[in-house]
There are 2 protein chains.
Amino acid sequence: MELATTISERAKAASETGGDPTPRQKAVLDAALALIVDPKAALTMSSLARAASCSKESLYKWFGDRDGLLTATVQWQASKVRGMPVRREELGRQTLEASLERFAADWLTVLSGETSVALNRLAIGEAAGGGGRNLGRIVLENGPVAMGRRLRPLLELGREAGLLAFDDAGEAFRDFFGLVVRDVQIRLLLGDRIDLSPSDIRAGAARAARQFLVLYGAGHRPDGPESAS
Amino acid sequence: MELATTISERAKAASETGGDPTPRQKAVLDAALALIVDPKAALTMSSLARAASCSKESLYKWFGDRDGLLTATVQWQASKVRGMPVRREELGRQTLEASLERFAADWLTVLSGETSVALNRLAIGEAAGGGGRNLGRIVLENGPVAMGRRLRPLLELGREAGLLAFDDAGEAFRDFFGLVVRDVQIRLLLGDRIDLSPSDIRAGAARAARQFLVLYGAGHRPDGPESAS
DNA sequence: CCGCAGCCGTAACGTACGGTACGGTACTGA
DNA sequence: TCAGTACCGTACCGTACGTTACGGCTGCGG
């Protein structure tokens, strides 16, 4: 009973933070991100308190426990990445391909950033310890799922305009995911050194968009539909 | 000086294990795999000694230190997965697609196995701590890189037979990677529950093979080459 | 039979880290 | 002036874990 009460209180504290982080708390979360990204620094409560010039007592008051801190950090980072919706310009095949390409380029840029790599590593490490962790779910929600939600309107517009042909938008998005990300993310997570210059990102995004249109473009080849028998 | 000597001795011990693991050591490594896979058990030297009914002293004698143990475990698992080369049957478009599909299905099966997920999580967690870790490199070498090496002959054969058209086999393989894996691996690593029944694997493999042939098939659409621009 | 090498089981040590407690300080409102 | 609040800095506690050390058991060559 007493234990349950404690957990409940901690959850309340954590959710309270999720509601609106104080500027001071934002600074602390930025310091936490810096520690997570730094390869030769580990994110411990003591190191964070030292780096952010705050007391551990405040950390526990604000975030409940270490898990609440990590959750708040991931959500804080996610809140900084959001935005950049697809503009609803009139859609031709050129603008559709350009939109897909820009989307893929933005995605690859975020994905290959050291912050994204570090947070994904952290969430994966947490997911290793079986219990009911939510870090992985949060990263998942703000990673692939959010990307899917943002791409879907563009796909739907393309289909309404007769430029794309697909039954399930989710399946189409997952194919786009594969064409864009390929083995880049897993290699980065495993520590492979990849340069990925801006020109590489542009080239990869253009290739992915072109391939996606080959697979899903409706008017691309007017000599007849696939008719896979 | 003394420190360097110690590290050297440990490296020697670890490499000695890499050379030929004793049957007893193989059993220990299997126990280590079981512990890694078990979500509610952590792989500590004590728990492994208890699970494998051996002394910690023996663990340190055989594997040097914890890192050597993890390395030996990953290599042991990798040695169990190898094999299954592509058969060099006469290649038609049907057999090529069937080979690609079988390859993709095998790959998805291994990839979604709990052992693969657990080992990838372990290596990613180790890669988080910056230093010169080699676990990530080993997993990378026995994962995507090994798959690429095994798929490359099939792609080359397809090209020689006039069935495939590509310049860089590596690029073609990475596209195949994306089409096969899509977001499955990252979702599994982040703890998302995915059923992935055998029929799902078959369907996904068939889809990936078909899409790959759409992108890279040479004789698939005889009404003219791509001639981009 | 003796010594010894290999191994098991367990105790012990040092350290790192999550979490808590306490004193000290600055600010606010009565 | 004084209580209250929020916070910093630090010392402290309990535990987990990597690593080492030691006692006891078995099998084998001399």
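Numbers restart at 1 for each chain; the letters A, B, ... are given by sequence-line order, proteins then strands. Heavy-atom basis, side chains included; hydrogens, waters and symmetry copies ignored.
Residue pairs meeting the ring pair (Phe, Tyr, Trp, His ring centres under 6.0 Å) criterion with at least one partner in residues 21-44 of chain A, sequence neighbours excluded, do not occur; the list is empty.
Separating the CZ atom of R66(B) from the P atom of dA16(D) is a distance of 16 Å, rounded to the nearest angstrom. Between Y60(B) atom OH and dC22(D) atom C1' the separation is 16 Å, expressed in whole Å. Atom CD of Q25(A) and atom P of dA6(D) are 12 Å apart (whole Å). Protein atom CG of L48(B) is 13 Å distant from nucleotide atom C1' of dG18(D), rounded to whole Å. Separating the CE atom of M45(A) from the P atom of dA21(C) is a distance of 15 Å, rounded to the nearest angstrom. Distance CG (L59(B)) to P (dA21(D)): 16 Å, rounded to an integer number of Å.
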- Query: Base, backbone or nothing for each nucleotide of nucleotides 5-10 of chain C, written B, S, -, heavy atoms under 4.0 angstrom, 5' to 3'?
  - Reply: --SBB-

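In terms of the salt bridge (Lys or Arg N to Asp or Glu O under 4.0 Å) criterion, residue partners of R149(B) (sequence neighbours excluded) are, by chain and number, E141(B). Take S53(A) and apply the side-chain hydrogen bond (donor to acceptor under 3.5 Å, both in side chains) test, not counting sequence neighbours, and it matches no residue. For R174(A), the salt bridge (Lys or Arg N to Asp or Glu O under 4.0 Å) partners at least two apart in sequence or on another chain are E171(A), D183(B). For E101(A), the salt bridge (Lys or Arg N to Asp or Glu O under 4.0 Å) criterion is met by no residue, not counting sequence neighbours. Judged as a salt bridge (Lys or Arg N to Asp or Glu O under 4.0 Å), and not counting sequence neighbours, the contacts of E156(A) are R152(A), R159(A).
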Sequence neighbours excluded and cut-off under 3.5 Å, please list the side-chain donor-acceptor pairs for residues 199-206 of chain B, or say none.
from    : atom 1 : to      : atom 2 : distance (Å)
S199(B) : OG     : S197(B) : OG     : 2.9
D200(B) : OD2    : S197(B) : N      : 3.1
D200(B) : OD2    : S197(B) : OG     : 3.1

Considering only nitrogen or oxygen atoms on both sides, find all protein atoms under 3.5 Å from nucleotides 13-15 of chain C and state each distance.
none

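Relative ring orientation between Y216(B) and F166(B) is described as perpendicular, the plane-to-plane angle rising above 60° on a 0-90° scale split at 30° and 60°.
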